[in-house]
Amino acid sequence: MKSSPLHLSVYPQNYSSQNAETAAFIGWRRSIAVLFASALLGLNSMSASAAEPLVEDQTVVEKEMEEGIKEEIEEEIIVTATRSPYSLDRVATTVRVIGQQDIARSGVRTVADLLRNHSAVQVRDSSGIDRASNLSLRGFSDSQNLLVLVDGRKLNNTDLGGPDLTAVNLGDVERVEILEGGAGALYGDQAVGGVINIITKRADSAAGSVRVGRGNYDNETYQASYQNELASGVYYRLNTELERADAYRDDTSLNYENYNALLGYRHGNGEVYIEGRQSDSEHLLTGALFANQVAVDRRQAGGSFNDYAVDNRVARIGFDQRFGKHVELRASYSDRNEAAIINSVSGFGTAVSLQDRRVKLFDPRLIIKVDHLRATLGLDKERVDYGFMVDFGFGLTGSQQSHQKSSEYLHLLFSPFDNLDIQGGVRHARLDIDVEPYGVEYDQGVTVHNIGVSWRPGAWASEIWGESAWRIYLNRDETFRFPLADENVDFFGTLNLLDVQRGVAWELGSQWRWTNTQLNLALFQHDNENEIAYDSALGFFGANTNLDDTRRRGATAEFAWQAGDKFELHTVYTYIDATFVEGVYDGNRIPDVARHLAKLNASYQVSEALNIFAEAVYVGSRQLDFASTVEELGGYTVFNLAASWQRQNWTLQARLNNISEKEYSEFTSFYGSKALFPSAERSLMVSLAYDY
């Protein structure tokens with residue numbers, strides 16, 4: 001079988017004969033192949049849905065083809081770069097897709113672990129069980145500057161609590177789309193370094209799966225799912241995961257349950273759906289160690305710990321309705337209710353903290369496609385009630401905050417010629433906050449813009465480059481981040497009103513694709529004013545503040561090569577120079593940003609049944625404080641290996657992490673002195689799955 005071309009900005013798929021049907025099913029082909037696969041495998045069931053599907057309903061597409069209005073789609077269909085299905089080849093930004101096959105053969109267990117070993121995302125986890133993961137992209141070292149979505153639904157919080165990556169288990173994930181760089185005009189608040197959209201599997205023909213796994217540190221996992229679509233158009237999907245584990249370090253444990261149910265109805269011009277998710281997590285996390293403690297016993301518990309009991313429930317309803325050929329309306333409403341009880345022990349004594357979040361999101365958007373113009377007019381409405389109470393033994397004290405955020409946006413895509421696409425957008429956002437019982441009220445607002453262009457050379461390029469695809473793009477986006485609840489007001493009611501963080505992100509990129517090779521290059525610069533961060537040098541305990549002007553400059557290079565049906569190689573390297581350009585820290589590096597980040601993975605299909613998958617991840621050295629007074633934290637390289645064996649409906653898989661037993665710390669903290677959270681040495685996970 002001849003190898004199919006690799007797709008731009010997509011982790012290469014294995015197009016061996018035993019996987020050809022699967023590759024077609026998930027839509028990694030050109031539009032003509034998608035239509036052919038639809039007829040064979042029922043891909044029409046993946047019409048517009050909560051997960052922003054790859055293609056429209058087959059009957060609608062066929063009707064449009066008959067009427068001569070078929071839209072040209074050269075490359076991968078993505079949703080994150082436009083908030084509706086669109087060709088990746090036409091957007092002026094870098095979008096990387098981690099596909100279902102990449103997830104399956106890597107053998108990873110969590111979304112955090114998937115991001116850790118793929119793409120240009122840097123992951124720093126303090127727990128060892130991926131329950132306190134901090135994500136970094138384009139040189140922004142905290143998760144508050146990276147927007148994380150599940151099927152387009154926001155996971156980020158209005159407080160310092162990071163997005164909960166365990167809200168969806170990895171067995172329920174179809175693919176992950178990563179938009180690198182600013183997306184303020186399209187996504188708004190916190191889309192500073194980029195956007196990660198975790199897209200879950202959608203119900204199709206009847207199918208089910210059961211998986212069990214065991215690993216080091218008494219880890220055991222159980223997963224089960226079932227889905228079906230009836231002839232009437234009604235579909236459903238059920239999914240659950242249970243996990244019990246200790247962790248690498250002493251006095252760390254996990255007891256986790258996740259349940260998800262999806263029910264929907266597809267009709268000729270759209271669909272309606274309702275979804276419910278629930279996760280319950282009890283996890284005990286130990287504190288940091290000083291360097292001398294790590295030298296004695298890096299697995300020992302720290303002098304502090306947090307014992308969490310977290311209950312998270314989400315309900316979501318949505319619809320997608322097409323009106324004729326040119327108009328489409330998409331909307332969803334979600335209600336997330338999260339409650340947490342945290343028992344803490346530290347050098348300050350014992351404390352009990354109570355947190356509750358009620359997050360309501362409404363995101364209608366109208367999509368109009370007329371000739372060469374595509375316009376998206378949308379509204380993002382968010383209401384958050386956030387309560388935080390703490391008891392140090394003297395009674396509860398705290399606050400209840402009400403955040404109301406309203407954000408209107410317009411996004412345009414104009415294609416005056418077949419090889420030229422121009423995009424532009426504008427967004428206005430307003431935030432109103434009320435803090436009780438202290439009677440604090442304030443509001444903030446901002447307007448941002450975006451403009452970009454993507455150009456694909458004509459036939460003359462083929463004479464120079466041969467049979468290849470090539471494009472170049474330039475993008476300018478304005479970004480912003482509102483101060484979070486506990487950055488502006490502490491639990492004593494003290495108001496420390498910070499300015500809105502503003503930035504301008506530039507990106508110049510180019511992509512080449514030959515028959516079995518792809519190369520992507522991007523240069524970027526992001527200038528920020530009033531960047532919000534915690535500075536331990538301010539006051540006795542440190543303080544949240546607006547920093548002096550900062551700048552991130554860098555480049556990303558991605559290379560993928562497929563040798564026939566057996567071997568695939570993929571690597572991505574990112575260089576980032578993140579520095580202060582004004583003020584007392586002028587010229588100093590920004591803390592926790594690795595200057596060099598490189599990831600390499602390779603897959604070899606040994607036989608029809610056996611696949612071997614290898615990874616290497618290099619994270620460069622990092623500065624730990626703004627003043628650059630302490631020694632840098634050295635870089636590290638970790639090697640991982642996975643193997644999967646398939647026979648009929650059975651899949652046996654093993655993954656070995658940190659083969660060389662490298663001793664390193666992925667996460668550190670600095671409050672006047674360096675504190676380390678040692679990462680795990682060698683660990684093994686084995687799983688057995690039955691698909692039916």
Side-chain angles (χ1 to χ4, degrees), residues 3-16 18-31 33-34 37 41 43 46 49 51-55 73 75-81 85-89 94-111 113-121 149-151 168-180 195-202 204 209 511 513 516-518 520 558-562 565 567-572 599-605 611 613 615 642 644 646 651 653 691:
S3 298
S4 298
L6 297 178
H7 298 288
L8 294 176
S9 291
V10 179
Y11 285 85
Q13 306 297 319
N14 186 344
Y15 290 107
S16 57
Q18 65 268 26
N19 291 319
E21 290 185 350
T22 303
F25 174 76
I26 61 176
W28 299 126
R29 305 274 186 173
R30 295 174 182 266
S31 56
V34 172
L41 302 175
L43 190 59
M46 295 189 69
S49 70
E52 306 284 17
L54 297 179
V55 295
I73 299 178
E75 294 299 335
E76 208 63 44
I77 302 296
I78 51 88
V79 302
T80 306
Y86 200 66
S87 172
L88 174 60
D89 195 40
T94 297
V95 180
R96 307 187 195 279
V97 181
I98 308 175
Q100 174 59 37
Q101 195 172 34
D102 302 299
I103 298 172
R105 65 189 178 189
S106 69
V108 296
R109 296 185 297 107
T110 66
V111 172
D113 211 17
L114 179 70
L115 296 173
R116 176 181 288 109
N117 297 292
H118 295 76
S119 78
V121 178
L149 312 171
V150 172
D151 296 331
V168 55
N169 72 70
L170 191 59
D172 199 32
V173 174
E174 174 67 29
R175 68 188 189 277
V176 179
E177 296 182 350
I178 305 171
L179 187 158
E180 298 182 15
V195 179
I196 297 175
N197 196 2
I198 303 165
I199 297 177
T200 61
K201 298 175 181 177
R202 316 317 298 172
D204 199 86
S209 176
Q511 302 175 326
R513 177 176 55 80
N516 61 351
T517 306
Q518 68 178 34
N520 307 327
E558 179 184 22
F559 174 79
W561 176 55
Q562 179 176 314
D565 297 332
F567 182 75
E568 295 177 13
L569 177 72
H570 178 270
T571 183
V572 58
K599 302 179 182 181
L600 181 147
N601 62 65
S603 174
Y604 180 63
Q605 195 70 33
N611 180 270
F613 185 80
E615 295 173 333
S644 59
Q646 293 180 312
T651 301
Q653 190 167 56
D691 299 306

Distance from [X] atom [atom1] to [Y] atom [atom2], nearest 0.5 Å?
{"X": "Gln646", "Y": "Gln653", "atom1": "CD", "atom2": "CD", "result": "9.0 Å"}
{"X": "Asn197", "Y": "Leu179", "atom1": "CG", "atom2": "CG", "result": "10.0 Å"}
{"X": "Ile196", "Y": "Glu180", "atom1": "CD1", "atom2": "CD", "result": "9.5 Å"}
{"X": "Asp102", "Y": "Leu114", "atom1": "CG", "atom2": "CG", "result": "8.5 Å"}
{"X": "Glu174", "Y": "Lys201", "atom1": "CD", "atom2": "NZ", "result": "7.0 Å"}
{"X": "Glu568", "Y": "Ser603", "atom1": "CD", "atom2": "OG", "result": "5.5 Å"}

Would you check if [X] and [Y] make a side-chain contact, meaning some heavy-atom pair closer than 4.5 Å?
{"X": "Val79", "Y": "Tyr86", "answer": "no"}
{"X": "Val195", "Y": "Leu149", "answer": "yes"}
{"X": "Asp151", "Y": "Arg202", "answer": "yes"}
{"X": "Ile178", "Y": "Ile98", "answer": "yes"}

For Glu177 and Arg175: C-alpha separation, side-chain torsions, deciding distance, then whether side-chain contact (heavy atoms from CB on, under 4.5 Å) applies. CA-CA 7 Å; Glu177 296 182 350; Arg175 68 188 189 277; 3.0 Å; yes
[X]: which residues meet the side chain to side chain donor-acceptor pair (under 3.5 Å) condition with it, sequence neighbours left out?
{"X": "Ser209", "value": "Asp691"}
{"X": "Thr110", "value": "Asp130"}
{"X": "Ser106", "value": "none"}

If only atom types and distance count, is the side chain of Asn516 paired as donor or acceptor with the main-chain N or O of Gln562 below 3.5 Å? yes
How far apart are the closest heavy atoms of [X] and [Y], and which atoms are they?
{"X": "Val95", "Y": "Ala81", "result": "CG2-CB, 3.8 Å"}
{"X": "Asn117", "Y": "Lys599", "result": "C-CD, 3.8 Å"}
{"X": "Val108", "Y": "Leu170", "result": "O-CD2, 3.3 Å"}

Step by step, work out the side-chain contact (heavy atoms from CB on, under 4.5 Å) result for Asn520 and Phe559. CA-CA 7 Å; Asn520 307 327; Phe559 174 79; over 6 Å; no
Answer with yes or no whether the side chains of Asn601 and Glu615 bring together a donor and an acceptor at under 3.5 Å. no
Does the side chain of Arg96 pick up a donor-acceptor pair with the side chain of Thr94 at under 3.5 Å? no
Sorted by chain and number, sequence neighbours left out, side-chain contact (heavy atoms from CB on, under 4.5 Å) with Ala642 holds for Phe613, Arg655
Of all residues at least two apart in sequence or in a different chain, which pass the side-chain contact (heavy atoms from CB on, under 4.5 Å) check with Leu600? Leu569, Thr571
Using the rule given for side-chain hydrogen bond (donor to acceptor under 3.5 Å, both in side chains), can you reason through Gln605 versus Asn611, listing the C-alpha separation, both sets of side-chain angles and the distance that settles it, and then say yes or no? CA-CA 4 Å; Gln605 195 70 33; Asn611 180 270; 3.0 Å; yes
Give the intermediate values and the outcome of side-chain contact (heavy atoms from CB on, under 4.5 Å) for residues Gln511 and Glu558. CA-CA 9 Å; Gln511 302 175 326; Glu558 179 184 22; over 6 Å; no
Check the pair Val97, Val176 against side-chain contact (heavy atoms from CB on, under 4.5 Å), reporting the backbone distance first and the verdict last. CA-CA 6 Å; Val97 181; Val176 179; over 6 Å; no
By salt bridge (charged side-chain N to carboxylate O under 4.0 Å, His left out), Asp172 pairs with (sequence neighbours left out) Arg237, Arg277
